[in-house]
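Report on the structure given below.
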Amino acid sequence: MLMKKVADKLLNVGGRLLDLSQPCVMGILNCTPDSFYAGSRMQTEKEIAQCANRIIAEGGLMIDVGACSTRPGFVAVSSEEEMQRLRFALQVVRREQPDAIVSVDTFRPEVAKMAVEEFGVGIINDVGGGSEQHPPMFRLVAQLQVAYVLMSSAPTIRDMLLGFARQVQQLRDLGQKDIILDPGFGFGKTLEQNYEVLEAMDQLGIMELPVLAGLSRKSMIWRLLDITPDEALNGTTALNTVALLKGASILRVHDVKAAVEVVRLRQI
């Protein structure tokens, strides 16, 4: 049984086998002008290069590149604009960190296809999820055989588990092998529901798949504490600690150094 659980946390990313039985950190690189956290907005070549290099230097294992804001109330840019931004950013990331594991944060299949085929992106981080039978993104990642982050906007762990069970089976039926679950903090949940999901997040272990926790500087922290996103690093660190105790395999963060320290301390 132990061997089975370890095996299920092995992730194939472009032929590189990652053992996620030990947690790791994914650093955020937003090439957008409107991310909710101003400190994550990287638009110039120099800013993108510095961010990519900092993520790896501080111990991040993955660089998650986003080109379309998904903050509350966002207005999505066109797919053409999103691809233009990504091409610019990914070219810089690949030049600066050619061996890095790169993820792209998008809900559009055509954008994901471009990123994989043109830049060898190994992970698609999909905030779209999908409620229809075999949605287009499911078919695409199965065809390309890239690792896939499946996010849920369900407000409760019960609804989340039901949705994940159905969607994971859809992906398996299509031949998708490498799946990561994301409980979707900040998506489709009230402030209270976010904390209820975090408290019960260990129940996702029944799926025997890696879990990504994206809590970094989100409104569930700064609204509760009556602060701003700029002041939410301490709260982020506290909740990342809880997420690790609840079984998270990947911490997706703006502040890589702080998250890497949490992971190291958790392993003592």
Of all heavy-atom pairs linking Leu215 and Met220, the shortest is CD2-SD, 3.7 Å

Is it true that Asp105 and Arg252 make a salt bridge, defined as a side-chain N closer than 4.0 Å to a carboxylate O?
-> yes

Can you tell me how far OG of Ser249 sits from CG of Leu11, rounded to the nearest 0.5 angstrom?
-> 9.5 Å

Say whether Leu162 and Phe187 are linked into one hydrophobic cluster, either directly or through other cluster members, by side-chain heavy-atom distances under 4.5 angstrom.
-> no

Flag, side chain of Asn125 to backbone of Ser103, donor-acceptor distance under 3.5 Å | no

Keeping the roles fixed (side chain from Asp202, backbone from Gly247), state whether a donor-acceptor pair exists under 3.5 Å.
-> no

With side-chain contact (heavy atoms from CB on, under 4.5 Å) as the test, would you mind laying out the steps for Asp178 and Val13 before giving the verdict?
-> CA-CA 8 Å; Asp178 298 287; Val13 181; over 6 Å; no

Using the rule that two of Ile, Leu, Val, Met, Phe, Trp, Tyr join whenever any of their side-chain heavy atoms come within less than 4.5 Å, decide whether Phe88 and Ile63 are in one cluster.
-> yes

Atom CG of Leu239 and atom CG of Asn194: how far apart are they, to the nearest 0.5 Å?
-> 9.5 Å

Going hydrophobic residue to hydrophobic residue with side-chain gaps under 4.5 angstrom, can you get from Phe185 over to Leu161?
-> yes

Non-hydrogen atoms of Pro183 and Val197 that approach each other most closely | CB-CG1, 4.0 Å

So CD of Glu196 and CE of Met201: to nearest 0.5 Å the spacing works out to 15.0 Å

Between atom CD1 of Ile250 and atom CE of Met26, what is the distance when rounded to the nearest 0.5 Å?
-> 5.0 Å

Counting distance only, does the side-chain N/O of Glu117 pair as donor-acceptor with the main-chain N or O of Ala112 below 3.5 Å?
-> no

Residues Leu86, Val65; criterion side-chain contact (heavy atoms from CB on, under 4.5 Å); working and verdict | CA-CA 8 Å; Leu86 275 176; Val65 185; 3.7 Å; yes

Can you find a heavy atom in the side chain of Val146 that is under 4.5 Å from one in the side chain of Val121?
-> no

What's the shortest heavy-atom distance between Ala52 and Val93, and which atoms?
-> CB-CG2, 4.2 Å

For Leu224, enumerate each residue passing the side chain to side chain contact (heavy atoms under 4.5 Å, CB included) test, keeping only those at least two apart in sequence or located in another chain.
-> Leu191, Tyr195

Answer yes or no: is there a donor N or O on one side and an acceptor on the other, between the side chain of Gln145 and the main chain of Ala142, under 3.5 Å?
-> yes

Side-chain contact, heavy-atom cut-off 4.5 Å: Pro109 with Arg139?
-> no

More than 12 heavy atoms from other groups under 6.0 Å of CD on Glu199 = no

Is a donor on one side and an acceptor on the other found under 3.5 Å between the side chain of Arg108 and the backbone of Lys113?
-> no

Check step by step if side chain to side chain donor-acceptor pair (under 3.5 Å) holds for Glu82 and Ser79.
-> CA-CA 5 Å; Glu82 186 181 3; Ser79 60; over 6 Å; no

Taken in chain and number order and not counting sequence neighbours, the residues that satisfy side chain to side chain contact (heavy atoms under 4.5 Å, CB included) with Asn234 are none

Residue pair Arg85 / Cys31: nearest heavy atoms and the distance that separates them = CD-O, 3.6 Å

Residue pair Leu171 / Val141, side-chain heavy-atom distance below 4.5 Å = yes

Taken to the nearest 0.5 Å, the spacing of Asn53 CG from Ile48 CD1 works out to 12.0 Å

Check Arg217 against Thr236 and note the closest heavy-atom contact, atom names and distance.
-> N-OG1, 2.8 Å

Just wondering, are more than 12 heavy atoms of other shown residues or ligands nearer than 6.0 Å to CZ in Arg95?
-> yes

Take Ile101 and Leu18 through the side-chain contact (heavy atoms from CB on, under 4.5 Å) test and state the conclusion after the steps.
-> CA-CA 10 Å; Ile101 297 169; Leu18 304 180; 3.4 Å; yes

CD/Gln91: more than 12 non-hydrogen atoms of other groups inside 6.0 Å | no

Taking atom NZ of Lys189 as the centre, does the number of heavy atoms from other residues, nucleotides or ligands within less than 6.0 Å exceed 12?
-> yes

To the nearest 0.5 Å, what is the distance between CD1 (Ile179) and CD (Glu208)?
-> 13.0 Å

Please report the closest heavy-atom contact between Leu251 and Ala248, naming both atoms and the distance.
-> CD2-CB, 4.3 Å

Should Ile157 and Ile206 be counted in the same cluster of Ile, Leu, Val, Met, Phe, Trp and Tyr side chains packed under 4.5 Å apart?
-> yes

Where do Val104 and Leu90 land on the side-chain contact (heavy atoms from CB on, under 4.5 Å) test, with the steps shown first?
-> CA-CA 9 Å; Val104 160; Leu90 289 171; 4.1 Å; yes

When clusters are formed by joining ILVMFWY residues with side-chain heavy atoms under 4.5 Å apart, either directly or through shared neighbours, do Leu245 and Leu198 land in the same one?
-> no

Do we see a donor-acceptor contact under 3.5 Å between the side chains of Ser21 and Asp19?
-> yes

Would you say the side-chain atoms of Asp226 pair up with the backbone N or O of Trp222, donor to acceptor, closer than 3.5 Å?
-> no

Considering only distance and modelled atom types, tabulate donor-acceptor pairs under 3.5 Å from the side chains of residues 258-268, sequence neighbours left out.
from   : atom 1 : to     : atom 2 : distance (Å)
Glu261 : OE2    : Lys257 : NZ     : 2.8
Gln267 : NE2    : Gln22  : OE1    : 3.1

Spell out, as yes or no, whether a donor-acceptor pair under 3.5 Å connects the side chain of Glu81 to the backbone of Ser78.
-> no

